[in-house]
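Notes follow once the structure below has been shown.
Lettering of chains follows the sequences in order, A, B, ..., and the numbering in each one begins at 1.
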Protein chains: 2
Amino acid sequence: MSDTNQTYSISDLAREFEITPRSIRHYEDQKLITPKRNGSQRIYSKGDRVRLQLILRGKRIGFSLSEIREIIDMYDPTAGDEKQTEHLLRKIAERRVALHQQQQDIETMLTELDQLEQKLNQNIEA
Amino acid sequence: MSDTNQTYSISDLAREFEITPRSIRHYEDQKLITPKRNGSQRIYSKGDRVRLQLILRGKRIGFSLSEIREIIDMYDPTAGDEKQTEHLLRKIAERRVALHQQQQDIETMLTELDQLEQKLNQNIEA
DNA sequence: GCGCAAGTTTACGTTAACGTAAAGGTAATC
DNA sequence: GATTACCTTTACGTTAACGTAAACTTGCGC
């Protein structure tokens, strides 16, 4: 197995994802990620790295950190009672609606860019 | 033709798009929209309304107001020289890359939500 | 002509998401 | 053992995108 116990320092991850250590610590402040510690040093596991990827993906889509935390919390096996599960299912449904809306918006914008590009190309030919 | 000369007050548009007049004025401060005036009153045309829609669409996708202005400026027939046109074409290409990235991110997140939902449904059955 | 709703400008306040600086601990390296 | 490279916490600063309040004008209905 591909060394599932690999760990990373904060600057390892910062380098890899081209963000600052400050940002990563900020995500921790906001309870989005909670690495182990070796003394005072943060030790990030593969799972932490995946969470960080999820955070950054959420950001690219335009979600706020608190929205991202909502999503992350869904993945948490805090789970248990059935009420909670139904609540999560509703949350998931809401998210899906928002994401579909974004897909629409992006497609609209992409076709608008296409049209714009055509116009500009015509101007060049002329 | 469907009354192409229709106009709107600021609160008309605020109501329609469920935002505050303050936001619309803010977009004007940021040069995203420049309605006509009747004395001191702002008069919005159909074109202004379309611009506002474009602004809100951009926001939903997660763009900042200055990014949205960049996009809006592309639509502007300020145009003219060829250098400028090529610059725009590059900008358009950049935008497209970002939008495609977002599409990827959204699809990833959607399938993750699907998987999560399945897990939760299993928990209910069990 | 008066009140009220809707418009205006000016300006200070607020929140999110970090940036930046200060002051200090730790570990390898020369 | 001193420098160097990272790490830490604490805390104040900054920017974007408005919110909110104050003070004033304008048009409509009665």
Between [Y] and [X], is there a side-chain donor-acceptor contact under 3.5 Å, judged purely by atom types and distance?
X      : Y      : result
B:D114 : B:Q118 : no
B:H87  : B:Q84  : no
A:D48  : A:S45  : yes
B:Y8   : B:E16  : no

Can you measure [X] atom [atom1] to [N] atom [atom2] for me and round it to whole angstrom units?
X     : N      : atom1 : atom2 : value
A:H26 : C:dG19 : NE2   : C1'   : 11 Å
B:L52 : D:dA17 : CG    : P     : 15 Å
A:I10 : D:dC6  : CD1   : P     : 14 Å
B:I24 : D:dA17 : CD1   : C1'   : 14 Å
A:R25 : D:dT10 : CZ    : P     : 12 Å
B:I33 : D:dA17 : CD1   : P     : 16 Å
B:D29 : C:dT10 : CG    : C1'   : 11 Å
A:Q41 : D:dC6  : CD    : C1'   : 7 Å

Check whether any side-chain N or O of [X] sits under 4.0 Å from OP1 or OP2 of [N], and answer yes or no.
X     : N      : result
A:T20 : C:dG19 : yes
A:R37 : D:dT9  : yes
B:S9  : C:dG7  : yes
A:S11 : D:dC7  : yes
A:R22 : C:dT20 : no
B:K59 : D:dC18 : yes
B:S40 : C:dT9  : no

Open item on the list: Any donor-acceptor pair, under 3.5 Å, between the side chain of B:R42 and the base of C:dT8, if you only look at N and O atoms?
Closed with: no

Task: Cluster overlap B:I43 with B:L13, hydrophobic side-chain contacts below 4.5 Å - done: no

Task: Residue whose nearest DNA chain C nucleotide is more 5′ - B:P21 or A:Y27 - done: B:P21

